[in-house]
Amino acid sequence: MKDATPINLLTGFLGSGKTTLLQRLLTDPAMASAAVLINEFGEVGLDHHLLDRIDDNVVLMKSGCICCTVRGEIADALLGLHSQRARGEIPWFDRVVIETTGLADPFPALSTIQSHPVLRSHFSIANVVTTVDAVNGQNQLADRLEAVRQVGAADVVVITKTDLADEARTADLRAALTRLNPTARQVIAAEAASDDFIASSTALRAEGWEGHAAHDHDHHHHHHHDTADAKIRSFAITVDGPVDWTAFGVWLTMLLNRHGDRIFRVKGILNVAGEDRPVAVHGVQRLVHAPVHMSGWPDASRQSRIVFIVDDLDPARIEASFHVFNRLSEKVLSHRASGCLEGATPR
Amino acid sequence: MCSLCGILGCDDHWTSAVARPGVYTRNTDRLSRRREAADRMKFANAVLSPRRISVSEWQGTSYVLSNPTGRTQIFDSLAHLWPEAETMAGREFDPLDPIYLEQLKALS
């Protein structure tokens with residue numbers, strides 16, 4: 001199958017420097033053949049040969065499942081780009097960058113790309129890049145849930161305006177970002193390179209897994225007890241034994257159906273029963289990307305590790321629930337353990 | 001078609017992703033696809049059982065939920081299993097509900 005065109009979603013709160021970052025990155029030769037979709041023309045001008053505007057017109061409201069959360073305008077813009085490219089009406093592009101509005105939750109855009117019947121065959125989400133302003137970032141994270149959701153969805157967080165903030169402020173912000181989303185890579189805007197866009201999150205580089213669990217019960221940075229991010233936390237579940245894939249799928253689907261609004265992020269590396277290599281699972285709110293079969297384990301422990309970023313959900317309950325489902329699989333799907341798989345008659 | 005919102009072609013789910021390079025899926029050859037589907041139905045029925053609902057695959061393309069009074073509901077995607085099951089049961093399937101978890105523990 002032909003490779004899908006990667007999409008980078010660039011998000012970040014109002015005035016956090018999305019366009020400035022994009023403007024600089026587009027000058028890099030590696031980004032020369034990227035098509036750019038923006039939501040609004042801001043104060044910073046962009047000069048790029050493949051620049052199109054998304055009109056914010058149609059939004060189908062969600063009613064419970066991810067395919068109901070489709071942003072019509074993003075779908076139309078991408079379909080337009082795809083057919084124009086196929087007909088040779090526009091220069092060839094091998095990547096799309098979508099800049100969302102500053103107040104947007106990135107989830108509808110992600111679900112549109114993943115669940116649209118045509119788009120999902122032609123485009124894939126490479127990563128979510130979120131800009132956070134070093135001067136105002138802390139306050140925005142404290143006051144605005146959108147800002148927290150943007151950071152929660154990020155694969156890469158680009159910290160902007162560090163030249164305007166003192167070092168202590170930037171360090172505080174970085175600690176807060178780590179607490180909110182330990183799975184995201186943090187980059188200072190001045191040092192950001194096109195590699196940050198080009199790298200695919202689905203590759204899930206092994207080094208990204210180190211130290212996640214260390215942030216598990218880190219409460220050192222609770223500066224804002226009465227604010228939007230006070231109840232938001234990340235934690236990791238670690239599992240020693242193998243994970244049953246079928247039970248995990250049913251469990252996570254049920255969990256996200258009921259609590260997807262409060263689960264900003266799920267990122268896991270699983271020791272799936274019967275598999276030598278780990279499986280990476282990666283989701284944002286109700287949306288779970290196609291699982292990735294990794295090439296090898298990042299360490300010798302072979303422990304399954306699932307990182308969650310949640311809003312006011314009890315980590316102990318999530319962990320207990322996981323174990324109930326995983327244990328139930330031993331009983332319900334016992335034919336696997338007894339090695340009589342070959343004799344099983346599929347219905 | 002999505003039975004909730006009417007969008008067409010919404011029949012895939014991450015647990016049975018289309019086989020592509022690098023993607024982990026058991027949706028590869030006929031045998032493993034059927035075996036995984038059978039196991040999934042078996043497990044889903046176990047976790048549905050505390051609410052007396054059952055699910056089965058229908059023609060390999062859809063799913064049918066039914067309850068003891070004979071009500072049935074057809075849907076196309078596993079993504080809709082839990083919203084549909086909640087509608088039929090008239091209550092939530094919450095994997096964090098301690099009472100529900102106790103019911104599941106009693107099964108194993």
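Labels below follow one simple rule: chain letters A, B, ... track the order of the sequence lines, proteins then strands, and each chain is numbered from 1. Because the structure is predicted, anything quoted here is derived from the model rather than measured.
Contacts of A/Leu313 with chain B are made by side-chain atoms alone, with heavy-atom separations under 4.5 Å and no backbone atom involved. Looking at A/Val250, the atoms closer than 4.5 Å to chain B (heavy atoms on both sides) sit in the backbone and in the side chain alike. Contacts between A/Phe322 and chain B at a heavy-atom distance below 4.5 Å are absent for every atom of the residue. Residue A/Val118 does not touch chain B at all, counting heavy-atom pairs closer than 4.5 Å.
Of the listed residues (B/Pro98, B/Gly22, B/Ala85), the one with the most heavy-atom contacts under 4.5 Å to chain A is B/Gly22.
To the nearest 0.5 angstrom, A/Arg286 atom CZ is 6.0 Å from A/Asn257 atom CG.
Evaluation of the side-chain hydrogen bond (donor to acceptor under 3.5 Å, both in side chains) rule for B/Asp94 yields A/His259 as partners, not counting sequence neighbours. Scanning for side-chain hydrogen bond (donor to acceptor under 3.5 Å, both in side chains) contacts around A/Ser295 gives an empty result, with sequence neighbours left out.
Aromatic ring pairs are classed by plane angle as parallel below 30°, tilted from 30° to 60° and perpendicular above 60°; the pair B/Phe75 and B/Tyr63 is parallel. The aromatic rings of B/Phe43 and A/Phe325 sit tilted relative to each other, their planes meeting at an angle between 30° and 60°.
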